[in-house]
Amino acid sequence: MATTELEKQFAYLEKGCVDVIPREELASKLERSLASGRPLTVKVGFDPSAPDLHLGHTVVIRKMRHFQQLGHRVVFLIGDFTGLIGDPTGKKATRPQLTREEIEENARTYERQIFKLLDPEKTTIDFNSRWLDRLRSADWVRLAAKVTVAQMLERDDFRKRYEAQQPIALHEFLYPLAQGYDSVALECDVEMGGTDQLFNLLVGRHLMREHGLEPQVVMTVPLLEGLDGVEKMSKSLGNYVAVEDAPFEMFGKLMSVSDDLMWKYWLLLTDHTEHDIKGMRADVRAGVRHPMEVKKELASTVVGELHSPGAAEEARREFERVFSARDLPTEIPEVCLPLEGNVMLLSKLLCSAGIASSNSEARRLIQQRGVKVDGRVVDDVKAELQVSAGLRLLLQAGKRRFANVTFS
RNA sequence: GCAGGUGUGGCCGAGCGGUCAAUGGCAGCAGACUGUAAAUCUGCCGGCGUAAUGCCUACGGUGGUUCGAAUCCAUCCGCCUGCACCA
């Protein structure tokens, strides 16, 4: 199939997206850029207070990278001003104001993480306080005049709350305005975000038009479900894979993703084409390939990209060793405990070794046959161990908690 | 300001004088089955405790009534809704 450069680029950028509004404008912007050699400006906003990125964030970051690969310029916008307002999406609390130092600290943390994926040369990190701080009251009034209450209430979240007679604080309306004004200030060609951001992104379009600018194209990517397979990935739900997770841990977490969800991960977290992914899926369905193998490949790909192919290979071997062969991990935490008498209660030992968080938990683990000492199951809650200086014990609780304990 | 409502374990949510460390659901943990997948089944799920009808802490805070309070009363605080006020 003969496709033009433009069509190829368009398909590349559109992959995995939910909305591209309007598609024709993206096409014409790309076309113009191709012709003139002038890169597009693509903006994505990030919360200044949560600098721990996870794979859910990387969906849009990867999309930013796609633009970079085609030569465009990306703005990683830290919403230090809008952070004060608190995005009403989902939550309603106003956030505490961060200090200048905290914001800069967070920005550095972001840099460390995003440059695993983005090209620093083509990335601008910016802060929206730079222009939003400068707006005066009159400017805000003028800005607010450009959007009607009815338009605001089109936003799902607002409408539902309004209908349910839940409170909507007035300042919440300022968030979309401020975010939209960012696009005006930066004269964005494209703004991207999760599907939950659609309304805010469209306000940006509206405000740009109101300011006599060519409106930005809006692109949304799906929210990625976390490891539980149900809720969207988030730190507070604990169902996330952090960008900075160690290779083995990251690999393991990815292996616990359900078979069904795996395909979405393939689509949104790798550069494989939809065509390839469909092929793999068909193979799995036909029994040609084992889903676990395909998932290992997924895990390797993701770890390989966020760490290195070598680290991915190592993580895979370690995974197979610990979980498939049921062998011991190559690295087991060493714990040295002071000797107090020559007998020790196993439950206490587990607790001091950091394997159980409380004595009660330790007893529970023992009772449920989850504890091994030197490879043998011990299920007597009252079990005592002979200990002496220099003795070395291997403790294990469940499948993944290990410790080598020595005494001194 | 006035009136009404509400505040329970990581979350949701029962309980409304003793049998409540508190029903149920979710999440979590362990075990079985496995591919650390899903589904399913079993057990656990505040802490302390080598046992106990045991002890400590906990139902927004404080004080009180009672032999006994998550449950009743007073007061304070937070949240929600409505009304009022708005030079």
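Atom set for the values below is all heavy atoms of this structure, side chains included, hydrogens, waters and symmetry mates excluded. Residue numbers begin at 1 in each chain, while the letters A, B, ... track the order of the sequences.
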>> Could you identify the nucleotide paired to B/G78, looking across every strand shown and requiring Watson-Crick or G-U wobble geometry with both distances under 3.5 Å?
In response: B/U6
> Taking atom C1' of B/A39 as reference, at what distance in whole Å does atom CG of A/Leu261 sit?
Replying inline: 16 Å
> Which value, in whole Å, describes the distance between the P atoms of nucleotides B/G7 and B/G13?
Replying inline: 9 Å
>> If I take atom CG in residue A/Leu350 and atom P in nucleotide B/G49, what distance separates them, rounded to the nearest angstrom?
In response: 13 Å
> Does A/His206 use its side chain to pair, donor to acceptor, with the backbone of A/Lys146 at less than 3.5 Å?
Replying inline: yes
>> Please report the distance separating the C1' of B/A22 from the corresponding atom of B/A39, rounded so that it comes out in whole Å.
In response: 32 Å
> Does A/Pro291 or A/Cys351 map to a spot on RNA chain B nearer the 5' end, using the closest nucleotide for each?
Replying inline: A/Pro291
>> I'd like the P distance from B/G5 over to B/C73, given in whole Å.
In response: 12 Å
> When all nucleic acid strands are considered with a 4.0 Å heavy-atom cut-off, which category describes A/Gln367: base, sugar-phosphate, or nothing?
Replying inline: nothing
> Between A/Ser324 and B/U36, does any side-chain N or O lie under 4.0 Å from OP1 or OP2?
Replying inline: yes
> Rounded to the Å, how far apart are A/Lys296 NZ and B/U36 C1'?
Replying inline: 11 Å
> Expressed in whole Å, how much space separates the C1' atoms belonging to B/A84 and B/A14?
Replying inline: 37 Å
> Which one of A/Val335, A/Leu349, A/Leu337 satisfies the side-chain contact (heavy atoms from CB on, under 4.5 Å) criterion with A/Leu393?
Replying inline: A/Leu349
> For B/C48, does either OP1 or OP2 sit under 4.0 Å from a side-chain N or O belonging to A/Ser358?
Replying inline: yes
>> Using atom C1' in both nucleotides, what's the gap between B/C80 and B/G60 to the nearest angstrom?
In response: 15 Å
> Paired with B/U42 by Watson-Crick or G-U wobble geometry, both distances under 3.5 Å: which nucleotide is it?
Replying inline: B/A30
> With respect to the phosphate group of B/G49, does any side-chain polar atom (N or O) of A/Lys382 fall under 4.0 Å of OP1 or OP2?
Replying inline: no
>> Measuring only the C1' atom in each nucleotide, how far is B/U8 from B/C16? A whole number of Å is fine.
In response: 12 Å
>> Just the rounded figure in Å: distance from P of B/G43 to CZ of A/Arg363.
In response: 20 Å
>> Using only atom types and a distance under 3.5 Å, with no angle test, would you say the side chain of A/Asn128 pairs donor to acceptor with the backbone of A/Phe81?
In response: yes
Quick one: which protein N/O atoms are closer than 3.5 Å to N/O atoms of nucleotides 27-30 of chain B? Pair and distance per line, please.
from, atom 1, to, atom 2, distance (Å)
B/C29, O3', A/Arg401, NH2, 3.0
B/A30, OP1, A/Arg401, NH2, 3.3
B/A30, O2', A/Gln368, O, 2.9

>> Please evaluate residues A/Asp271 and A/Arg62 with respect to the criterion salt bridge (charged side-chain N to carboxylate O under 4.0 Å, His left out), reporting the C-alpha separation (whole Å), side-chain torsions for both, the decisive distance (0.1 Å), and the verdict.
In response: CA-CA 9 Å; A/Asp271 278 334; A/Arg62 296 180 54 80; 2.9 Å; yes
> Nearest 0.5 Å, what's the NZ-CD distance between A/Lys264 and A/Glu225?
Replying inline: 3.5 Å
>> Using whole Å, what does the distance between atom P of nucleotide B/G47 and atom CG of A/Asn359 come to?
In response: 10 Å
> Reckon A/Val257 touches a base, only the sugar-phosphate, or nothing at all at heavy-atom distances under 4.0 Å?
Replying inline: sugar-phosphate
> C1' atom, B/G17 versus B/G82: distance in rounded Å?
Replying inline: 33 Å
> Roughly, in whole Å, what's the span from NZ in A/Lys348 to C1' in B/G47?
Replying inline: 13 Å
>> In whole Å, I'd like the distance from the NE2 atom of A/His290 to the P atom of B/A38.
In response: 14 Å
>> Counting distance alone, no hydrogens or angles: does the base of B/G35 have a donor or acceptor under 3.5 Å from a partner atom on the side chain of A/Asp259?
In response: yes
> So, A/Glu105 and A/Arg108, do they make that salt bridge, N to O below 4.0 Å?
Replying inline: yes
> Whom does B/C72 pair with, Watson-Crick or G-U wobble, provided both distances fall under 3.5 Å?
Replying inline: B/G64
> Roughly how far apart, to the nearest Å, are B/G61 and B/G78 at atom P?
Replying inline: 15 Å
>> Going by the rule side-chain contact (heavy atoms from CB on, under 4.5 Å), which residues pair with A/Asp276 if we only count those two or more places apart in sequence or in a different chain?
In response: A/His272, A/Thr273
>> Looking at A/Ser256, I'd like to know whether one of its side-chain N or O atoms comes within less than 4.0 Å of OP1 or OP2 on B/A37.
In response: no
> Is B/A51 paired to anything, Watson-Crick or G-U wobble with both distances less than 3.5 Å, and if yes, which nucleotide?
Replying inline: none
Show which side-chain atoms of residues 289-296 of chain A pair as donor or acceptor with protein atoms under 3.5 Å away, not counting sequence neighbours.
from, atom 1, to, atom 2, distance (Å)
A/Arg289, NH2, A/Glu297, OE1, 2.8
A/His290, ND1, A/Met292, N, 2.9
A/Glu293, OE1, A/Arg316, NH2, 3.3
A/Lys295, NZ, A/Val257, O, 2.7
A/Lys295, NZ, A/Asp259, OD1, 2.8
A/Lys296, NZ, A/Glu320, OE2, 3.0

> With the threshold set at 4.0 Å, does a side-chain nitrogen-carboxylate oxygen contact exist between A/Glu334 and A/Arg392?
Replying inline: yes
> Could you state the CE-P distance from A/Met292 to B/U36, rounded to the nearest angstrom?
Replying inline: 6 Å
